[in-house]
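In each ligand, atom 1 is the first atom listed, and ligand 1 is the first ligand listed.
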Amino acid sequence: MAGTGVFADVLDGEVYKYYADGEWRASASGKTVAIVNPTTRQTQYRVQACTQEEVNKVMDAAKVAQKAWARTPLWKRAELLHKAAAILKEHKAPIAECLVKEIAKPAKDAVSEVVRSGDLVSYTAEEGVRILGEGKLLVSDSFPGNERNKYCLSSKVPLGVVLAIPPFNYPVNLAVSKIGPALIAGNSLVLKPPTQGAVAALHMVHCFHLAGFPKGLISCVTGKGSEIGDFLTMHPGVNCISFTGGDTGIAISKKAGMVPLQMELGGKDACIVLDDADLDLVAANIVKGGFSYSGQRCTAVKVVLIMEAVADTVVEKVNAKVAKLKVGPPEDDCDITPVVTESSANFIEGLVMDAKEKGATFCQEYRREGNLIWPLLLDHVRPDMRIAWEEPFGPVLPVIRINSVEEGIHHCNASNFGLQGCVFTRDINKAIMISDAME
Ligand SMILES: NC(=O)C1=CN([C@@H]2O[C@H](COP(=O)(O)OP(=O)(O)OC[C@H]3O[C@@H](n4cnc5c(N)ncnc54)[C@H](OP(=O)(O)O)[C@@H]3O)[C@@H](O)[C@H]2O)C=CC1
Ligand SMILES: O=C(O)[C@H](O)COP(=O)(O)O
């Protein structure tokens, strides 16, 4: 169970502690942040609201720890990462339980997220050893006018202190995808977990603690992004920011200054369907791509651009599959579970109402109870509707009917986003040409 057994140190009464200098601590602020269960809409957990002074101390410790870590042999860094990965996988159940309660992730997917995170940490350690084990020898006569009288040796060196900020939808997986690479490369790591998902992230950090990483090398400060976010991202002790999330990333890029930024932001991932496609395969992938974890994936199919000739058939096949999706609580491993917050549900509803006013065809009746929104396919969506362009991050999928491939590519490229996309056709030449044309 969360907060018990090997995780007992993480919990202080009713409140989860933050992690600094190799210890679990209560914040001097005396304040906490509530994490609301999306299903019950009641407070499920509480985490510390860390102070700026505590952030300063974490940054100082991270800087000191990084110097020694950078001198730690690569194989030893890898060894510790493999150990953390094994501990993480061993304790998948309590961590998955947090994901179910904090972000309403379906029970089986929650377990998969933790297992996949352990695998990713190990993979990073393996790849890191290969990539970082290599350097380059350059000779001077490769540049015009020079003789072969100089050698240059180059190898990869750490950046220093990496600030990692993951989003709510994969609070464990998208945290370790930053932690693993940073650590294997000799950096230290300060994690600011998303508020929804913070407790799962704290449990994951404890697995690194149990693996025996040096004090101060990894830390985890909790608090609302809107309150401590700017202080963290503008902190002079930070040498690199790895962020995954929405438009917040744009604001961070403007404030962060001269540090390298790794930004994985939102998407309006287009699925282009040609009339020669295998339509059963298309329908299965639209439903899986569009509705798994209730559409709360950056890689979710977020707009279907489909040739008019096959549109009726595909819509019918998709509707038949949507009708079979199980809607309900994550504990029952339902396909469609409540979206993460009430404000998220309100935003999705706003997109649906706009589409309704502008005449989209509702393939299912719009239904919502609390944060739970039933899956909805909107047909005959037009470019003047918000849902044609905006990312709902929920179980609502627009279909735009097109009359040519060019029309589909044009819509895809007119989007503000450029994250991922897919094409369905039996013609491999078209598939490659279209995917190449999608920006
Ligand atoms: N490209 C990719 O790989 C992925 C992209 N995403 C995108 O993420 C979005 C959904 O995630 P969501 O969590 O809602 O995204 P947000 O951008 O709202 O939040 C992401 C993270 O930023 C933190 N944050 C909020 N304000 C600040 C601030 N001022 N400074 C620093 N950090 C801050 C949040 O903390 P807090 O929770 O405390 O507010 C959270 O940890 C979608 O747009 C989705 O497409 C999601 C997954 C993968
Ligand atoms: O970025 C995300 O939302 C997740 O990393 C998606 O990963 P998946 O496509 O493998 O579910």
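Within the structure, the closest approach of Tyr170 to ligand 1 does not fall below 4.0 Å when heavy atoms are considered.
Each of the following atoms of ligand 1 lies closer than 4.0 Å to a heavy atom of Gly229: 28 (C), 30 (N), 31 (C). Ligand 1 places these atoms under 4.0 Å from at least one heavy atom of Glu391: 42 (C), 43 (O), 44 (C), 45 (O). Atoms of ligand 2 found under 4.0 Å from any heavy atom of Thr299 (numbered from 1 in listed order, with element): 6 (C), 7 (O), 8 (P), 9 (O).
Of the heavy atoms in Glu264, both backbone and side-chain atoms come closer than 4.0 Å to ligand 1. Residue-level proximity to ligand 2 for Thr244 is absent, since no heavy atom of it falls below 4.0 angstrom. By the criterion of a heavy-atom distance under 4.0 Å, neither the backbone nor the side chain of Thr299 is placed next to ligand 1.
For atom 41 (O) of ligand 1, the nearest non-hydrogen atom of the protein is Pro166 O, 2.8 Å. In terms of protein heavy-atom proximity, atom 2 (C) of ligand 2 is closest to Cys298 SG, 3.1 Å. Atom 2 (C) of ligand 1 has as its closest protein heavy atom Cys298 SG, 3.2 Å. Remark: minimum distance from atom 4 (C) of ligand 2 to any protein heavy atom is reached at Tyr170 CE1, 3.2 Å. Protein heavy atom at the shortest distance from atom 23 (C) of ligand 1 is Ile165 CG2, 3.7 Å. The shortest contact between atom 7 (O) of ligand 2 and any protein heavy atom is with Arg116 NH2, 3.3 Å. Atom 5 (O) of ligand 2 has its closest protein heavy atom at Leu174 CD2, 3.9 Å.
Checked by distance only, ligand 1 and Thr244 stay at 3.5 Å or farther apart across all their nitrogen or oxygen atoms. Taking only nitrogen or oxygen atoms, main chain and side chain alike, Asn173 does not reach within less than 3.5 Å of ligand 2. Considering both main-chain and side-chain atoms, Phe393 never comes within under 3.5 Å of ligand 1 through any nitrogen or oxygen pair.
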Give the table of side-chain donor-acceptor pairs shorter than 3.5 Å for residues 215-222, with sequence neighbours excluded, one pair per line with atom names and distance.
unit_1, atom_1, unit_2, atom_2, d
Thr222, OG1, Gln48, O, 2.7

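Evaluated by nearest non-hydrogen atom to atom 27 (C) of ligand 1, the leading choice among Thr341, Thr248, Leu419, Asp269 is Thr248. Residue Gly225 holds the heavy atom nearest to atom 24 (N) of ligand 1 of all those in Ala201, Gly246, Gly225. Checking Asp230, Val33, Asn169 against atom 47 (C) of ligand 1, the nearest heavy atom belongs to Asn169.
In this structure, Asp333 pairs ionically with Lys108, as a charged nitrogen and a carboxylate oxygen lie closer than 4.0 Å. Between Asp230 and Lys255 a salt bridge is recorded (basic side-chain N to carboxylate O distance below 4.0 Å).
Ring geometry for His91 versus Phe7: interplanar angle over 60°, hence perpendicular rather than tilted (30 to 60°). Taking the six-membered ring where the residue is Trp, Tyr293 and Tyr170 present perpendicular rings, their angle passing 60° and hence far from 30°.
Under 3.5 Å, the side chains of Lys178 and Thr244 contain a donor-acceptor pair of N or O atoms.
Enclosure of atom CG in Asn346 by more than 12 non-hydrogen atoms of other residues, nucleotides or ligands within 6.0 angstrom is indicated.
For an aromatic pair to be called close, the ring centres must be under 6.0 Å apart, and His203 with His206 fails this.
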